[in-house]
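One structure is given here, and the rest of the page talks about it.
For the numbers below, each heavy atom of this structure counts, side chains included, while hydrogens, waters and symmetry mates do not. Indexing begins at 1, ligand by ligand and atom by atom, following the structure's order. Index from 1, following the sequence.
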Amino acid sequence: MAAPKPLNIHEMKEMKAKGLPISMITAYDYPSARLAEEAGVDLILVGDSLGNVIINYDSTLPVTMDDIVYHTRAVTRATEHTFIVADMPFMTYHGSIDETLKNVRRIMQEGFAHSVKLEGGAEIGDTVRRIVEAGVPVMGHIGLTPQSIHQIGGYKIQGKDSQGAKRLLDDAKALEQAGAFAVLVEMVTEEAADAIARELSVPVIGIGAGRTCDGQVLVYHDLLGYSSPKKEKRFVKEYADLGTQIRSSIAQYVKEVRERSFPGEEHVFHAKDDVLEQLYGGGKAKTVVG
Ligand code: KIV
């Protein structure tokens, strides 16, 4: 039987129409992407959150095109039937359209992504349109947009007042009109996200955006408790505590090395008797403790 193909953007829209929720997770390397695909996730996002979770920058601003291309390639080498979205890093789509398309080209041709994600609303409508016209699916990203964190003034819930909620809705509509195949909505009230999801015909994927979005996305390391130090986020559900498991496994390894109980007999390669005879006159090279 042929391997299942990744969902395409039209099937995602059909899923929304049928009320079938879409699952998305970030991944940044081969094993994480492979495990996510094996677990059956619909979409993987190579997010610029890699700047936070992989290298512990205090924002996503320092993440570069080279970073995204490198990590996207690692993810796409691991996946066959998952739709891959890659983030356009900070300021890589605000210059000339030629420069923007050059950056999109790198993500598609060198990273092998299926689509790109851009932060912003109506103000990036023309850019979204030009990328879509070039044949590249675009996911929009509104609400809390981490690349504008200094403009926003911190990680705050968006769309809390009627003006803010209206602006979010207008931005979402502008992105849909520009041709975005989906819109990611981050850290907004459930009510604002719900209004957007009702209004749009393309899927709305939420993170910290309540229960009624057409899909959900979480950051791999948040979902798995795979970080140190742990950063509590109200909208995250932790499905595992890998940080604790990893720390205690490594501590056990360190202990066993120190007490010489690792490696054990089952991890050792032995020389043949004739080699032993030639080298050591039949004796053992070194006395093994234990
Ligand atoms: O970069 C990222 O991981 C994101 C998350 C909000 C999903 O955009």
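- Nearest protein heavy-atom contact of atom 3 (O) of ligand 1 is Ser49 OG, 2.5 Å.
- Residue Arg105 places its CZ atom among more than 12 non-hydrogen atoms of other residues, nucleotides or ligands, all under 6.0 Å distant.
- Side chains of His141 and Lys117: a donor on one and an acceptor on the other come within 3.5 Å.
- The nearest heavy-atom contact from the protein to atom 7 (C) of ligand 1 is Leu45 CD2, 3.5 Å.
- Looking at Tyr28 next to ligand 1, no N or O pair under 3.5 Å apart turns up.
- The pair Arg167-Asp171 does not meet the salt-bridge criterion, since no charged nitrogen lies less than 4.0 angstrom from a carboxylate oxygen.
- Ala27 and Ile44 get closest at one heavy-atom pair: CB-CG2, 3.7 Å.
- The contact set between ligand 1 and Gly47, taken as ligand atoms under 4.0 Å from a residue heavy atom, comprises 1 (O), 2 (C), 3 (O).
- Annotation: Lys117 places an N or O atom under 3.5 Å from an N or O atom of ligand 1; distance criterion only.
- At a threshold of 4.5 Å between side-chain heavy atoms, the hydrophobic network of Ile, Leu, Val, Met, Phe, Trp and Tyr places Tyr30 and Leu45 in two separate groups.
- With Gln216, Glu186, His221, Met187 as candidates, the residue nearest to atom 6 (C) of ligand 1 on a non-hydrogen basis is Glu186.
- The distance from atom OG1 of Thr79 to atom CD of Glu37, rounded to the nearest 0.5 Å, is 5.5 Å.
- Contacts with ligand 1 closer than 4.0 Å are made by side-chain heavy atoms of Asp87 only, the backbone lying farther away.
- Using a 4.0 Å cut-off between heavy atoms, Thr26 contacts ligand 1 through its side chain alone, with no backbone atom that close.
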